[in-house]
2 protein chains.
Amino acid sequence: MKYNLIIADDHKMFLDGLLSILNSENDYNILLTAKNGKHIAKYLEINPDEKIDLIITDITMPEMDGIALNKIVKKRSSNIKTLVVSMHNNPDMIDNLIEHDVDGYVPKNAEKEELLKAIQTILSGEKYFSREIKDIYMENKFSKKKDEEIKLTQREIDVITLIAQEFTTQEIADKLFLSKHTIESYRKNLIAKLNVRNLAGLTKYAIKMNYVEH
Amino acid sequence: MKYNLIIADDHKMFLDGLLSILNSENDYNILLTAKNGKHIAKYLEINPDEKIDLIITDITMPEMDGIALNKIVKKRSSNIKTLVVSMHNNPDMIDNLIEHDVDGYVPKNAEKEELLKAIQTILSGEKYFSREIKDIYMENKFSKKKDEEIKLTQREIDVITLIAQEFTTQEIADKLFLSKHTIESYRKNLIAKLNVRNLAGLTKYAIKMNYVEH
DNA sequence: CTAAAGATCCCTGTTTTCAGGGATATTCAT
DNA sequence: ATGAATATCCCTGAAAACAGGGATCTTTAG
């Protein structure tokens, strides 16, 4: 009995690559390939009883990304395994995926052999995460402990946002109907709290946190 | 006579996909696959007389990226065509590539058919750029006219980069072995040139242009 | 060759940031 | 109810940024 797989990736050529790898093995039956998660969600809805063993998915896709897809899949049936194949090495994204219970993660620059190993491992019921992904995950957990708890208050967020929008202290004070001294206090606290040296550091933080356009 | 191709992409699985597509055609002989530009540069150096028709390359790769590779290739021989296959749709990057005289650009989410068409077109001596890429390029040229040619010199880039890395004027001066006054001049010019108000604006620009991590 | 652009340096002021102290009132959870 | 966190405001002095001038030399493009 072959395993039934579904593949989602918005990069057609990459899909072709995956297909050619999987077809050269004889254990896998590709039920469906899709260029976003929505197609798959629909397929699952229409075929609620079909035996599906594994869904291989990219993270960033139009319409519905891999994370949303995984959520839907895991909600429907925990029998369907999910393997993420992506080039993202953003720690928060990896964290997110692991917490959403994906069964494996292999970077796109992995060798064909690793991909096949990941698939086999997952189909046998275990999880598979590449060394690289595990390292990033651990590193992240570890360093999080260090800076831990950099939580800004709403007021601080207001201030840092305006700072990153190039307003001077006086202008920010006027906008928020506060004293210039107050803004100076906030700025001082922000610099200390975020462990940066000046406006450039605050600006970078604001961008990283998406408080401002960039 | 088959055409001789070289392929560079740091995503192994994508490479496999390309290979399987190209091997299913019978016109192409793959001389070399590489996961960064450096390998190819070395190959070109070692085999200066080999007939190479086309190099297919990704943009972002470790060690040596597609842009640097293209520069080397075009400097060595204009007989070697270059086709970029990438998922980037950053207008400046596309602009950069076109100005560096690549022969074509196909996004990674293109169909296999388009890729093959691009290869054939380029091998016949014409250029091939996907509709999508052309649109982005044009759009960019058009809007550029509005904010008018903001070109920074290398020195200015050095300075704005260090500014965005939170160094003070004095520190930057020391790093670049320049007078503090010089850095102040650069900062002043940058603020005027980029139409921003202060360090926050410079920092945002540096991030947008990818001069610093964020 | 000449003009423009780039890289370097300098000056004078003013404004702003930054570091380091404090203060008071309110809110919120234990 | 008490103490911690938050929001607000204030001060001083030093350092840095910002505005608006110039100057000189080299490299580059027409």
Side-chain angles (χ1 to χ4, degrees), chain A residues 145 147-209 211-212, chain B residues 71 75 95-96 99-101 144-145 147-209 211-212:
Chain A
K145 289 276 170 287
D147 10 81
E148 196 63 47
E149 312 285 333
I150 300 182
K151 278 268 153 61
L152 300 190
T153 68
Q154 188 51 50
R155 232 13 177 181
E156 286 173 331
I157 292 174
D158 294 343
V159 172
I160 198 175
T161 302
L162 289 165
I163 286 175
Q165 282 167 0
E166 301 174 55
F167 294 107
T168 67
T169 301
Q170 186 59 62
E171 289 168 342
I172 296 170
D174 293 345
K175 264 177 204 293
L176 300 180
F177 304 106
L178 294 174
S179 151
K180 169 183 141 180
H181 301 294
T182 310
I183 307 302
E184 279 172 351
S185 288
Y186 281 123
R187 193 188 55 221
K188 189 177 26 172
N189 286 336
L190 284 165
I191 288 175
K193 222 168 176 177
L194 302 177
N195 228 342
V196 297
R197 300 185 65 190
N198 53 32
L199 292 192
L202 293 179
T203 304
K204 284 198 286 182
Y205 185 86
I207 290 174
K208 194 166 70 187
M209 290 294 117
Y211 298 146
V212 282
Chain B
K71 229 179 279 183
K75 189 171 278 175
D95 200 62
N96 200 326
E99 257 149 42
H100 278 90
D101 206 29
K144 265 284 168 54
K145 289 279 169 285
D147 7 272
E148 199 68 50
E149 303 302 321
I150 300 177
K151 276 267 152 60
L152 300 191
T153 68
Q154 187 51 51
R155 232 9 178 185
E156 286 173 331
I157 292 173
D158 294 344
V159 172
I160 198 176
T161 303
L162 289 164
I163 287 175
Q165 282 166 0
E166 300 174 56
F167 294 107
T168 67
T169 300
Q170 186 58 62
E171 288 168 343
I172 296 169
D174 293 345
K175 263 177 204 295
L176 300 180
F177 304 106
L178 294 174
S179 150
K180 170 183 142 180
H181 301 293
T182 309
I183 307 303
E184 279 172 349
S185 289
Y186 281 124
R187 193 187 54 222
K188 192 179 19 175
N189 287 336
L190 283 165
I191 287 175
K193 221 168 176 177
L194 302 177
N195 229 343
V196 296
R197 300 184 64 190
N198 53 31
L199 290 193
L202 293 179
T203 303
K204 283 198 287 181
Y205 185 86
I207 289 174
K208 194 165 68 188
M209 290 293 118
Y211 298 146
V212 283

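Only this structure's heavy atoms are used, side chains among them; waters, hydrogens and symmetry mates stay out. Naming: A, B, ... by sequence-line order, numbering from 1 per chain.
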*Assign each of T168(A) and N189(B) to its nearest nucleotide of DNA chain C by heavy atoms, then name whichever residue's nucleotide is nearer the 5' end.*
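So the residue in question is N189(B).
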The side chain of [X] lies closest to which of these nucleotides: [options]?
X       : options                   : answer
H181(A) : dC18(D), dC10(D), dC9(C)  : dC10(D)
L199(A) : dT8(D), dC10(D), dT17(C)  : dT17(C)
Y186(B) : dA7(C), dA17(D), dA19(C)  : dA7(C)
S179(B) : dC18(C), dC10(C), dA17(D) : dC10(C)
N198(A) : dC9(C), dC18(C), dA17(D)  : dC18(C)

Can you tell me the distance, in whole Å, between the [atom1] atom of [X] and the [atom2] atom of [N]?
X       : N       : atom1 : atom2 : value
E166(B) : dA16(D) : CD    : C1'   : 15 Å
K193(A) : dA19(C) : NZ    : P     : 16 Å
E171(A) : dT15(C) : CD    : P     : 14 Å
Q170(B) : dT17(C) : CD    : C1'   : 17 Å
Q154(B) : dT26(D) : CD    : P     : 21 Å
E184(A) : dG21(C) : CD    : C1'   : 14 Å
L190(A) : dT17(C) : CG    : C1'   : 14 Å
I163(B) : dA16(D) : CD1   : P     : 14 Å

When rounded to the nearest 0.5 angstrom, what distance separates [atom1] in [X] from [atom2] in [Y]?
X       : Y       : atom1 : atom2 : value
N198(B) : T203(B) : CG    : OG1   : 8.5 Å
I163(B) : L199(A) : CD1   : CG    : 11.5 Å
E171(A) : L162(A) : CD    : CG    : 9.5 Å

Does [X] contact [N] through a side-chain donor or acceptor facing the base, at a distance under 3.5 Å?
X       : N       : value
S185(A) : dC10(D) : yes
T182(B) : dC10(C) : no
K188(A) : dG21(C) : yes

Neighbour count >12 (heavy atoms, 6.0 Å) for atom NZ, K193(B)
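Enclosed: over 12 neighbouring heavy atoms sit under 6.0 Å from NZ of K193(B).
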- Message: Can you see if the side chain of R197(A) gets near the phosphate of dC18(C) - specifically, an N or O under 4.0 Å from OP1 or OP2?
- Response: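 For dC18(C), neither OP1 nor OP2 has a side-chain N or O of R197(A) closer than 4.0 Å.
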**Report entry** Verdict with reasoning, F167(A) to R197(B), per side-chain contact (heavy atoms from CB on, under 4.5 Å)
**Finding:** CA-CA 8 Å; F167(A) 294 107; R197(B) 300 184 64 190; 4.0 Å; yes
* Assign each of K180(B) and T153(A) to its nearest nucleotide of DNA chain D by heavy atoms, then name whichever residue's nucleotide is nearer the 5' end. =>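 First, find each residue's nearest nucleotide; the 5'-ward one identifies T153(A).
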